[in-house]
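Shown next, in structure tokens, is the structure this report addresses.
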Amino acid sequence: PSGLPSGSNDVTISFWANPRVTQSASIPGVYVFGEETDYKICGLGFSATGMYYLGYANDAAVAYAYPVGSWTRYSVTVAGATKKVNFYANASLLGTEQTLAFTPNVGIVAASLGIQRPGNLIYFDGNVQEVRVSLGVRSADWEKLEYFTMKKTVWNGDGWLSWDAAINQV
């Protein structure tokens with residue numbers, strides 16, 4: 001598919017999520033892209049203790065007690081050239097900026113919603129809406145604008161996306 005980021009691009013991944021349970025330690029992805037084999041994937045997911053940017057064996061993580069049963073807007077920004085990673089919840093920076101050890105070199109074969117990678121059974125257990133992938137690192141001010149602009153419309157209860165199995169785009 002065209003238009004997907006590769007591991008070396010600047011990228012911002014954002015979405016609204018309402019986890020039904022605390023997620024497993026196996027890091028289920030909410031939005032993941034890359035190659036389908038050998039964990040050559042990048043993306044944003046949750047674990048039992050917080051949020052992860054999956055960077056092909058070069059992950060960044062932030063400890064965060066995300067609310068179960070409550071809608072929250074999450075995002076991660078990744079600067080490809082500098083390898084800097086920032087996590088946000090409801091437009092607030094979580095933890096401190098992190099630096100990946102190396103640039104994840106993954107292709108753009110597939111993108112997945114709600115699963116760590118195609119072919120495995122590690123699913124995100126919850127609801128998701130408004131998944132956005134931007135080629136570029138969005139600023140903290142942009143995160144605030146997006147959050148406060150969307151906050152009013154998100155709570156109307158219409159149009160939520162929920163799954164019990166993965167939705168894949170190949």
List the residues meeting side chain to side chain contact (heavy atoms under 4.5 Å, CB included) with [X], not counting sequence neighbours, and say none if there are none.
X    : value
L145 : T149
S139 : D141, W142
S75  : S14, R73, Y88, E143
A79  : D10, T82, K84, V137

> Can you say whether the rings of Y74 and F15 are parallel (under 30°), tilted (30 to 60°) or perpendicular (over 60°)?
Replying inline: tilted
>> I'd like to check W16 versus Y147 (side-chain heavy atoms, cut-off strictly below 4.5 Å). Are they in contact?
In response: yes
Work out which heavy atom in [X] is nearest to a heavy atom in [Y]; give both atom names and the distance.
X   : Y    : value
A17 : F124 : CB-CZ, 4.2 Å
N18 : S70  : OD1-N, 2.8 Å
L94 : M51  : CD1-SD, 3.7 Å

>> Strictly below 4.0 Å, N to O, side chains only: are E130 and R132 in salt-bridge contact?
In response: yes
> Partners of Y66 by ring pair (Phe, Tyr, Trp, His ring centres under 6.0 Å), sequence neighbours excluded?
Replying inline: F46
>> As a quick check of understanding, evaluate side chain to side chain contact (heavy atoms under 4.5 Å, CB included) for D125 and Q23, giving each step before the final call.
In response: CA-CA 7 Å; D125 188 356; Q23 305 301 303; 3.9 Å; yes
>> Using the rule given for side chain to side chain contact (heavy atoms under 4.5 Å, CB included), can you reason through T77 versus V85, listing the C-alpha separation, both sets of side-chain angles and the distance that settles it, and then say yes or no?
In response: CA-CA 6 Å; T77 62; V85 179; over 6 Å; no
>> Distance check, rounded to the nearest 0.5 Å: Y53 atom OH versus N86 atom CG?
In response: 12.5 Å
>> Going by side-chain hydrogen bond (donor to acceptor under 3.5 Å, both in side chains), name the residues that satisfy it together with Q98, two or more places apart in sequence or in a different chain.
In response: none
> Is there a side chain to side chain contact (heavy atoms under 4.5 Å, CB included) between V76 and T12 once you walk through the steps?
Replying inline: CA-CA 6 Å; V76 63; T12 300; over 6 Å; no
> Which residues satisfy the salt bridge (Lys or Arg N to Asp or Glu O under 4.0 Å) test with R138, sequence neighbours excluded?
Replying inline: none
>> Any side-chain to backbone donor/acceptor pair from S134 onto G136? Under 3.5 Å, distance only.
In response: no
>> Before you tell me yes or no, could you show the steps for T72 and Y64 under side chain to side chain contact (heavy atoms under 4.5 Å, CB included), namely the whole-Å CA-CA distance, both residues' side-chain angles and the distance that decides it to 0.1 Å?
In response: CA-CA 12 Å; T72 304; Y64 173 64; 4.3 Å; yes
